[in-house]
Asks: 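Can you read through this structure? Questions will come right after.
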Amino acid sequence: MRILTFLFSLLFIFPVCAQVKTTTKPIESKAFQKAIRSAQRYVDSLRVKQDIPGISVSVGNANGILWAEGFGYADLENLQPVTIHSKFRLGSVSKSLTSFAIGRLVEDGKLDPDVPVQRYVPAFMSGVSINLPEAQTIAQFFLATNQ
C-alpha cells in the first residue's frame, strides 16, 4: 500500500531544481576499481559527446553503494561541479519508472489494473478537480495521463 501511494505521488511531484551541497569525493569500492575506471572514461566521454553539462552516477548492490561520482557542471554559469549530492530535475523519467513499477506489481499479482485506484489508495484524488476523462481504473488513469 505504501509503495503504491509513493508511485502515484511520483506523478504529481514537481521536479526539483539542481542544487549542490558541499563538494565531496566520489565513493569508490576498491574491489571494483578497474570497472570503475572504465565506467568513468565511458560516462565522461558520453557526457562530452552528447553535450551534457553535468551528470551524476551511482551504482550499488544489496551491500551498499559501490561507486558514486559527479561529472561536469551542475551550474555552468558559476562553474559549480556536479557532486554525489547534486540534485537534478526528474522530468518525464518518473513516468517511465512509475510505469515500470506498476507493471512489476501487476506481474507479481499485487495490483489489479482493472479496479479503481481508490481500492488501494482510498484518499487518492479525493477533493481534487482536474480536467481528465473519466478515469475509473488504474489502467484508464494511466492511459488518460500518459502524454
Side-chain angles (χ1 to χ4, degrees), residues 1-108 110-111 113 117-133 135 137-147:
M1 177 87 155
R2 295 176 78 189
I3 292 172
L4 189 59
T5 303
F6 171 74
L7 293 174
F8 280 116
S9 68
L10 285 178
L11 294 171
F12 301 102
I13 293 175
F14 292 106
V16 294
C17 297
Q19 300 173 15
V20 179
K21 292 185 180 180
T22 57
T23 304
T24 59
K25 294 181 180 179
I27 297 170
E28 295 182 9
S29 169
K30 290 183 181 8
F32 298 98
Q33 282 186 336
K34 186 176 178 183
I36 290 170
R37 296 292 171 254
S38 177
Q40 286 170 325
R41 287 188 299 273
Y42 175 74
V43 168
D44 203 41
S45 69
L46 182 64
R47 182 189 65 78
V48 171
K49 184 178 178 181
Q50 298 291 325
D51 198 27
I52 299 169
I55 187 169
S56 181
V57 175
S58 181
V59 177
N61 63 17
N63 297 321
I65 297 174
L66 301 174
W67 172 48
E69 187 171 352
F71 298 84
Y73 294 99
D75 180 349
L76 283 172
E77 192 174 303
N78 296 307
L79 297 179
Q80 289 288 332
V82 172
T83 72
I84 62 174
H85 297 291
S86 297
K87 295 179 182 169
F88 296 90
R89 293 177 180 249
L90 284 176
S92 292
V93 172
S94 61
K95 291 178 192 175
S96 301
L97 294 174
T98 302
S99 295
F100 173 77
I102 293 290
R104 289 293 303 265
L105 289 170
V106 169
E107 208 174 67
D108 293 345
K110 296 178 180 177
L111 180 76
V117 176
Q118 289 77 9
R119 177 174 175 189
Y120 298 99
V121 187
F124 182 74
M125 302 288 286
S126 64
V128 175
S129 176
I130 58 174
N131 205 9
L132 285 177
T137 68
I138 295 168
Q140 290 171 337
F141 180 79
F142 273 96
L143 290 172
T145 59
N146 190 18
Q147 305 273 332

Asks: If a pair satisfies side-chain hydrogen bond (donor to acceptor under 3.5 Å, both in side chains) and one of its residues is in residues 52-70, list it, with sequence neighbours excluded.
Replies: Gln40-Glu69, Trp67-Glu69
Asks: Taking all atoms of both residues into account, what is the closest heavy-atom pair of Val106 and Pro113, and its distance?
Replies: CG2-CD, 3.8 Å
Asks: Out of curiosity, Ile102 CD1 to Lys110 NZ, how far, rounded to the nearest 0.5 Å?
Replies: 12.5 Å
Asks: Please round to the nearest 0.5 Å and tell me the distance separating atom CZ of Phe71 and atom CG of Asp44.
Replies: 6.0 Å
Asks: For Thr83, is there any backbone N or O sitting under 3.5 Å from a side-chain donor or acceptor partner on Ser86?
Replies: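 Yes, because the side chain of Ser86 sits within donor-acceptor range (under 3.5 Å) of the backbone of Thr83.
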Asks: Measure the spacing between CD1 of Ile55 and CD of Gln50 and express it to the nearest 0.5 Å.
Replies: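 It is 10.0 Å, given to the nearest 0.5 Å.
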Asks: Could you measure the distance from the OH atom of Tyr73 to the CZ atom of Arg47? Nearest 0.5 Å is fine.
Replies: 8.0 Å
Asks: Not counting sequence neighbours, which residues clear side-chain hydrogen bond (donor to acceptor under 3.5 Å, both in side chains) with Asp108? List them please.
Replies: none
Asks: Which atom pair, heavy atoms only, marks the closest approach of Phe88 to Val82?
Replies: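 Here Phe88 and Val82 meet closest at CZ-CG1, 3.8 Å.
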Asks: If you compare all heavy atoms of Ala68 against all heavy atoms of Ile65, which two are closest, and at what distance to 0.1 Å?
Replies: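 Where Ala68 meets Ile65 most closely, the heavy atoms are CB-CG2, 3.9 Å.
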Asks: Please check this pair: side chain of Ser45 against backbone of Tyr42, looking for a donor-acceptor N/O pair closer than 3.5 Å.
Replies: yes
Asks: Look at atom CZ of Arg37 and say whether more than 12 heavy atoms of other residues, nucleotides or ligands are closer to it than 6.0 Å.
Replies: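 Check passes, neighbour count above 12.
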Asks: Look only at the side chain of Asp75 and the backbone of Glu77, and say whether a donor-acceptor pair between them is shorter than 3.5 Å.
Replies: yes
